[in-house]
Amino acid sequence: MDAIVLLKEDHKTVEKLFKQFEKAGEDAYAEKRKLVDQIIEELTAHTYIEEEIFYPTVRAEAPEVSEHVLESIEEHHVVVWMLSELKNLDPRDERFDAKVTVLMENVRHHVEEEENEWFPEVRKAMGRNRLQELSDQMAKAKGKAPDEPLAVPSAKQ
Ligand SMILES: [Fe+2]
Ligand SMILES: [Fe+2]
């Protein structure tokens, strides 16, 4: 396991939940609530370990991707605020599906940039051993991740 593989696994987990949401019936309110709660939990933990460990380490050790990291933090900021709104939004509210749709668009765009535009540069700059070390640290931090989206650092930045 290395840090980038670990993050990509999270991305896959979230994409699966998105697909399930897209397949859920319009009035499958209980199912949609459950899926969105899982999406909130996964994305909160994921953005947390990226912001606590992966992003700062990458900025220090692969400064050439700093601009990508800064853009990613801004994207996280929007995502965690949307998560916090969805936490308290009734799935029967007319804005619920629309908010989830825009969340999915934002996250898919973000993941695409991470995986295709700058993770490959990070892999080149940091190498396998360093990424393996980092993955241990991130796996540990995941256990300490908050369940409140606004507790992720970028929410208040
Ligand atoms: Fe991210
Ligand atoms: Fe990510």
Side-chain angles (χ1 to χ4, degrees), residues 1-23 32 34-89 98-157:
M1 185 58 83
D2 75 35
I4 290 175
V5 175
L6 181 145
L7 293 174
K8 284 185 173 177
E9 290 294 319
D10 282 356
H11 293 165
K12 266 189 230 155
T13 302
V14 169
E15 181 56 35
K16 258 186 227 156
L17 293 167
F18 285 175
K19 291 237 162 67
Q20 281 175 261
F21 186 92
E22 286 170 329
K23 270 192 228 144
K32 290 199 289 187
K34 206 175 141 202
L35 287 168
V36 167
D37 285 342
Q38 283 174 272
I39 289 167
I40 292 169
E41 192 185 326
E42 288 291 336
L43 283 176
T44 300
H46 181 77
T47 52
Y48 175 80
I49 61 170
E50 284 189 337
E51 290 182 27
E52 282 290 321
I53 297 167
F54 190 71
Y55 288 2
T57 309
V58 163
R59 283 191 80 183
E61 297 176 28
E64 63 272 31
V65 300
S66 270
E67 268 177 49
H68 285 297
V69 176
L70 287 169
E71 203 182 296
S72 289
I73 292 170
E74 293 307 318
E75 290 170 350
H76 281 195
H77 175 85
V78 173
V79 165
V80 294
W81 276 92
M82 293 194 88
L83 295 177
S84 82
E85 289 166 358
L86 281 166
K87 218 178 149 175
N88 303 309
L89 193 59
K99 207 178 276 294
V100 177
T101 299
V102 173
L103 172 82
M104 293 192 297
E105 285 170 3
N106 284 353
V107 171
R108 280 170 169 154
H109 160 86
H110 178 82
V111 163
E112 152 96 24
E113 286 191 341
E114 286 188 335
E115 293 195 2
N116 300 327
E117 284 183 20
W118 61 275
F119 281 5
E121 284 188 60
V122 172
R123 177 172 296 291
K124 226 188 271 167
M126 291 176 60
R128 198 156 170 240
N129 290 347
R130 185 66 184 118
L131 288 172
Q132 281 173 350
E133 267 173 29
L134 216 51
S135 134
D136 293 340
Q137 249 179 291
M138 282 158 54
K140 268 186 214 134
K142 221 173 179 187
K144 285 185 261 160
D147 49 17
E148 166 52 53
L150 297 185
V152 174
S154 65
K156 300 292 159 63
Q157 283 164 358

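Counting starts at 1 for both ligands and their atoms, in listed order. Only heavy atoms go into these numbers, but all of them, side chains included; no hydrogens, no water, no symmetry mates.
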Q | Minimum-distance pair of heavy atoms, taken over all atoms of D2 and S135 | A | C-CB, 3.4 Å

Q.
Among K8, H110, H11, exactly one meets side chain to side chain donor-acceptor pair (under 3.5 Å) together with E115. Which residue is that?
A. H11

Q) At their closest point, which heavy atom of V58 faces which heavy atom of M126, and how far apart are they? A) CG2-SD, 4.1 Å

Q: Confirm or rule out an N/O/S atom of E75, from backbone or side chain, lying less than 2.8 Å from the Fe ion (ligand 1).
A: no

Q. Checking only N/O/S atoms, does Y55 have one that is under 2.8 Å from the Fe ion (ligand 1)?
A. yes

Q) Quick one: angle H11 NE2 - the Fe ion (ligand 2) - E50 OE2, to the nearest 10°? A) 130°

Q. Out of curiosity, H46 NE2 to I39 CD1, how far, rounded to the nearest 0.5 Å?
A. 14.0 Å

Q: Have a look at the Fe ion (ligand 2) and estimate, to 10 degrees, the angle subtended by NE2 (H46) and OE1 (E114).
A: 180°

Q | the Fe ion (ligand 1) contact by H110, N, O or S atom under 2.8 Å | A | yes

Q. With respect to H76, which candidate in F54, W81, Y55 satisfies the ring pair (Phe, Tyr, Trp, His ring centres under 6.0 Å) definition?
A. Y55

